[in-house]
Amino acid sequence: PASICLRDYRAPAWRVDTVELDFDLGIDASEVLARLHLRRDPAQDAPLRLDGENLQLLSIALDGTPLPATAYRYDGNALEVDGARDGSVLETRVRLRPAANTALEGLYLSGPRETGFLLTQCEAEGFRHITFFPDRPDVLSRYTVTLRADRTRFPVLLAGGNPDGAGALDGGRHWARFVDPHPKPSYLFAVVAGHLQVMERDYVTADDHAVQLKIWAEADAIDRCHYAMAALERAMRWDEQAYGRNYDLDVFHVVATHDFNMGAMENKGLNIFNAKCLLAAPDSTTDEEYRHVEAVVAHEYFHNWSGNRVTCRDWFQLSLKEGLTVFREQSFSADMNSAPLKRIEDVALLRRAQFPEDAGPLAHPVRPAQYSEINNFYTATVYEKGAELVRMLAGALGRDGFRRGMDRYFERNDGRAATLEDFLAALGGANGTDLTPYLAWYAQAGTPRLKAHGHYDAVRHTYTLTLAQYTPGGHGAEPRVPLPIPVKLALFTPQGDMLPLHLDGQTAKPDTERVVVLERAEQSFVFADVTTAPVPSLLRGFSAPVILECDYTPGELALLLAHDVDGFNRWEAGQQLAARAYEDLRDDTAGAALHAWCDALARLFDAAAIDDALLADLLTPPGEVELAERESAIDPQRIHHLRQALQQRLAARLGAAALRQRYAALAAHTTIELDAASQAQRRLKRRVLELLALLDRAGSGELATAQYREAPGMTDRLAALSVLVRSDAPQAAAALRDYRERHAGNALALDKWFAVQAQLPGERALDRVRRLERDAAFTLKNPNRVQSLLGAFVRNNPSGFHRVDGAGYRLLAERLVALDALNPQVAARLATAFNGWQRLEPLRREAAHAAIVELAGHHGLSRNLAEIIGSVLN
Ligand code: B3K
Ligand code: ZN
């Protein structure tokens, strides 16, 4: 398929100043009348060409005159119209088939045809499935939308913008109109129609604008919207305080649907959410999910400024809105919860999802240079690495400087479709700094390696830190230029105290922490008045998205694990030490790291002076995916066994009695409260139970069974179920049956039932997945269900998926063919599980290759899936 290139960008020849859309809604057929007020770029003479994907054109008129068939051409992708002038009005009427739309892009039906509701999804290019339009983000228009439908079947009619009238029509029908005063690109358009309940709140913005907040959900779900509503209010307040950004319409709608291709969508004034990112109740939602709901609600709300008021010139700039909004969302979550824990969570995600992407054939820069299907570029790189780049910029400017820069960015670009250059220019310009060196971060794929080497001169009392960078290449031939890498650091004495940092020539009062920026391929930094050979704490808070290579001894890592006051780096020292301990086991070496790791954690476990949640994280070694990243000739089953053995050694060091005692102490305080301490207690309790299960299966089985039975909420219940299932406890089957019955009517809870079993480690997983596929509740038509079973299996269960006989690969390939025919976006995302097959050990590599080649040979694959498969094979 043809690729679209960043360097080919041209401004649109035709714009649409205002557009009026009239919907005549029905489940099987809906009609859309569009009136486009056209503006021509006088510098270009291209004919009027509008995007339109498989639309049934019913009528077309230009400036009030119906067009003869000779005056326009439609090939199923684009409509070309003769005779349009600057100021012309084009009117088209098309018919859509919502109930037949299984791709969930454009206008579609959520739920059963008798009771479900209609909704739209446009980003990135869904609007062309609704009407003819220049469907590109740099065409900003004012929208007036009128909806007409049967009142009984569609009692609620919603569109983005402010309400502008509603009323009755003949024949039991009714209408509603919405006018959006803010020009917006077509990808932010949305309508919703059907049976929905509402939860309302009044909100007054900091600049005194009264806003109605309305969350809409189906009758059985509306009670689960309280948490999202409170989170929305917190997010709105936070954006006012942290960025001075106020909401700008009279009403803010949020809608929950069970049928959605991703997490949520920031349509102007009408956010639409995957139910799993909005609904929350103690009985069906885990702590982690609560935090996720809060984060996604905030993320979509924050887009109102970073994305909607200031949008992207083209899709290559996607990270301009996504990286920035993820960063804003992360900062918000850090303020609402624990900042170090949030940082640990975010970095762990980056390593689990983005590093592998950046290390294989799907690697692409945060600003890709080309694509075939843009929906394939809503990736961890664009989102998570993009957020890391904004974090570096924010760090470079400091708190006030960043705020000054952001103010300027929003002011200068309000109502515009901007580029990453605009962003850097605003941030730098407001601070008298040139940030253009950071553009290299946006242009180069791959995770940079940062090599650090320290040398202590006991005579001169100097410590020289030499930093060097390189980025392994291979994917994409872009030249490697040195990147600015901010390294936040501190120096520790062997006693665990921080030293004042005298960096040569510096006169001001020395700090114990500072940032040095590596700007060249290699640079040395000399610290003076260092009275003892120090242990450096580098890249504190994960100050740059790189892989640090530093020749620490196990003892030095143990020192940082015991004493570092930077919560993130303390955890990080533990992770590094755990990875070394893992290597001790793998290579059957002396075991200095293994002992150091176990001893250090045993001390922290007993000291009890540490936050429960941080302790739980410290007691968790890097995951299987992360460990695999450090190896070539990967055998995921071996990695699983080694990691289990590693945890078993830790558990043994802590001791069954101590684990049981700690579990009992934690279990004595069981609550369903959501405060930080209660969440932390549940997190540690789960971790302790998991470790105990490695030592004493029978004992932990009994504890888990009791915990399952008595759990006051989903966090404890699911944790117990997971321990039972994973440890293959005899009580697991009964607990699974009970869960199935208890939550039969709750799709989101049922998803977790599928996911827990899909993550059964090792050989048994595949048969279980096949059996679950035959469950009456399983369907390929629902993205959440697909994700909960197949997604959890191929992505979160390396030892189950990567069978040496290749049966896991064949299953995935077969399901992708079926899924692709229904929903290309979901198929393409699932297919990325094949990423990294080249680094598997030879037998698995062969088997994976055969399955992918066979899949690639299928005729009629979607552009989405074909692009992923094509890249993966490269
Ligand atoms: N902007 C949407 C994602 C759209 C994905 C299109 N395939 C959600 C978000 O990032 O907020
Ligand atoms: Zn987003």
Side-chain angles (χ1 to χ4, degrees), residues 53 103-106 108 119-129 135-137 160 184-190 228 231-232 235 239 254-257 259-278 292-312 314-333 346 349 353 366 368 371-387 390 417 783 787 823-832 862-865 867-868:
E53 212 58 50
L104 314 190
E105 185 187 26
Y108 66 93
L119 74 162
T120 55
Q121 170 54 35
C122 290
E123 189 177 2
E125 298 178 335
F127 195 63
R128 63 187 64 186
H129 294 257
D135 191 14
R136 43 188 289 172
K184 69 186 172 203
S186 51
Y187 81 85
L188 290 174
F189 166 84
L232 174 60
D239 212 17
V254 176
V255 176
T257 169
D259 299 284
F260 212 57
N261 282 347
M262 59 260 172
M265 179 63 213
E266 70 264 25
N267 314 299
K268 183 76 186 190
L270 177 49
N271 286 2
I272 297 180
F273 276 66
N274 187 325
K276 78 170 175 220
C277 297
L278 194 80
H292 189 60
V293 166
E294 180 183 58
V296 181
V297 166
H299 178 106
E300 305 312 328
Y301 174 72
F302 296 156
H303 268 314
N304 191 55
W305 275 94
S306 50
N308 301 3
R309 288 288 287 256
V310 181
T311 193
C312 301
D314 53 70
W315 292 121
F316 298 101
Q317 321 294 328
L318 182 57
S319 197
L320 177 66
K321 73 177 178 82
E322 295 305 348
L324 175 56
T325 303
V326 171
F327 172 73
R328 277 153 53 68
E329 162 214 321
Q330 289 176 348
S331 314
F332 165 77
S333 294
D346 291 339
L349 172 67
V366 172
Y371 60 78
S372 153
E373 168 54 61
I374 185 55
N375 284 308
N376 287 335
F377 284 81
Y378 287 74
T379 58
T381 297
V382 166
Y383 276 67
E384 267 69 40
K385 187 176 180 180
V390 177
Q787 188 49 42
N823 190 327
Q825 285 186 34
V826 172
R829 202 172 322 128
L830 198 64
T832 62
S862 68
R863 185 171 53 187
N864 306 57
L865 184 57
E867 183 180 36
I868 297 293

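As the structure lists them, so they are numbered: ligands from 1, and atoms in each ligand from 1.
Between F332 and F302, the ring-plane angle classifies as perpendicular under the 30° and 60° cut-offs.
Of all atoms in ligand 1, numbered sequentially from 1 with element shown, those under 4.0 Å from a heavy atom of H299 are 9 (C), 10 (O), 11 (O). Of all atoms in ligand 1, numbered sequentially from 1 with element shown, those under 4.0 Å from a heavy atom of H303 are 9 (C), 10 (O), 11 (O). Taking every non-hydrogen atom of Q825 and a distance limit under 4.0 Å, the qualifying atoms of ligand 1 come out as 7 (N). Atoms of ligand 1 found under 4.0 Å from any heavy atom of K321, numbered from 1 in the order shown, are 1 (N).
N864 and N375 share no side-chain donor-acceptor pair at under 3.5 Å. When only modelled atom types and interatomic distance are considered, H129 and Q121 share no side-chain donor-acceptor pair under 3.5 Å. Inspection of the N376 and E867 side chains reveals an N or O donor paired with an N or O acceptor under 3.5 Å.
E125 has its side chain out of reach of E53: every pair of non-hydrogen atoms, C-beta onward, lies at least 4.5 Å apart.
Residues Y371 and F316 bring their aromatic ring centres within 6.0 Å.
Atoms CG and NZ, from N304 and K268 in turn, are 3.5 Å apart once rounded to the nearest 0.5 Å.
Among all protein heavy atoms, the one lying closest to atom 7 (N) of ligand 1 is N375 OD1, 2.7 Å. From the protein, the heavy atom lying nearest to atom 3 (C) of ligand 1 is Y383 OH, 3.5 Å. The nearest protein atom to atom 8 (C) of ligand 1, hydrogens excluded, is given as A264 O, 2.9 Å; this is a heavy-atom distance.
The heavy atom nearest to atom 6 (C) of ligand 1, considering only M265, E266, E123, E329, is found in E123.
When only interatomic distances are considered, the shortest N/O to N/O separation between E300 and ligand 1 falls below 3.5 Å.
Side-chain N or O atoms of R829 include none that pairs as donor or acceptor with a backbone N or O of Q787 at under 3.5 Å.
The atom name of the N/O/S atom in E322 closest to the Zn ion (ligand 2) is OE1.
Of the heavy atoms in E373, none comes closer than 4.0 Å to ligand 1.
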